[in-house]
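A short worksheet on the structure shown next.
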Amino acid sequence: MATLRNQLKVFLVVAPQFEDVAKDCFKDLGITVSSGHRFLGGLIGTREYCRNFMKQKVEYWTECVTKVSKAAIRAPQAAFSTMTKSLQCEWEFVQRVVPDCAETFVPLQHAITEQFFPSLLGGVVAVEEKRLFQLPTSLAGLGIYDPTETAVHAYKTSKQGTATVSEAIKGMIFNMASIWSH
């Protein structure tokens with residue numbers, strides 16, 4: 001009878017200068033040592049690791065926008081739904097958990113304004129129109145936001161929104177009244 005060994009997936013994130021020492025210390029335990037790793041949808045690690053990760057994600061999303069732009073010519077409603085209900089939600093989540101990532105979204109913003117909007121609307125789109133389309137639907141926009149702008153606010157808002165719980169986890173006094181006063 002064969003038994004399957006339940007492999008534990010353990011990752012240790014250390015500063016780059018300690019990576020070799022940590023690998024040597026933990027080599028027999030099956031622990032993966034690195035200077036960065038994904039964690040709960042976000043990242044833990046060096047700025048370089050985070051920058052490289054974000055660059056890869058933005059390249060992927062930019063490719064997706066390019067493909068959706070091609071589909072928008074024949075199926076504009078489906079392309080619009082894909083953009084607003086799927087792709088945009090993916091990068092907005094990452095923006096909430098990764099700090100200082102706005103500059104990495106420039107290629108994505110370019111793909112949205114230069115490929116998606118013209119394909120969706122069937123022609124050349126003026127700069128002023130592009131800005132209007134980035135407004136929420138309640139203000140007659142398309143609700144497809146500029147990812148370079150949303151990145152700046154998303155992390156800050158997320159951090160403020162979770163501050164009370166974060167402090168409670170760190171051992172501070174948890175005051176329910178402070179939650180309800182916001």
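Considering only heavy atoms from C-beta on, V21 stays 4.5 Å or farther from V14 through its side chain. Within the 4.5 Å cutoff, no side-chain heavy atoms of K159 are placed close to those of K156. Taking the side chain as every heavy atom from C-beta outward, R47 and D100 approach each other to under 4.5 Å. Taking 4.5 Å as the limit, some side-chain heavy atom of P147 sits within range of a side-chain heavy atom of I112. Between F105 and M54, some side-chain heavy-atom pair lies under the 4.5 Å cut-off.
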List the atom pairs, with distances to 0.1 Å, where a side-chain N or O of residues 55-72 and a protein N or O form a donor-acceptor pair under 3.5 Å, not counting sequence neighbours.
from: W61; atom 1: NE1; to: E90; atom 2: OE1; distance (Å): 3.0
from: T62; atom 1: OG1; to: V58; atom 2: O; distance (Å): 2.7
from: T66; atom 1: OG1; to: T62; atom 2: O; distance (Å): 3.0
from: T66; atom 1: OG1; to: Q115; atom 2: OE1; distance (Å): 2.8
from: S69; atom 1: OG; to: V65; atom 2: O; distance (Å): 2.6
from: S69; atom 1: OG; to: F116; atom 2: N; distance (Å): 3.2

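Scored by the ring-ring contact (aromatic ring centres under 6.0 Å, His included) test, H153 finds no partners at all (sequence neighbours excluded). The side-chain hydrogen bond (donor to acceptor under 3.5 Å, both in side chains) check on S158 picks up nothing, with sequence neighbours excluded. For E114, the side-chain hydrogen bond (donor to acceptor under 3.5 Å, both in side chains) criterion is met by K130, not counting sequence neighbours.
Rounded to the nearest 0.5 angstrom, T46 OG1 and N52 CG are separated by 8.0 Å. Separating the CD atom in E103 from the SG atom in C101 is a distance of 7.5 Å, to the nearest 0.5 Å. To the nearest 0.5 Å, atoms CG (L142) and CE (M83) are separated by 10.5 Å.
Judged as a side-chain hydrogen bond (donor to acceptor under 3.5 Å, both in side chains), not a single pair has a partner in residues 12-23 (not counting sequence neighbours). Legend: ring-ring contact (aromatic ring centres under 6.0 Å, His included) pairs involving residues 131-150, not counting sequence neighbours, sorted by first then second residue: F117-F133.
Residues Q109 and T148 bring no donor and acceptor atom of their side chains to less than 3.5 Å of each other.
Here the side chain of Q134 pairs no donor or acceptor atom with the backbone of T113 at under 3.5 angstrom.
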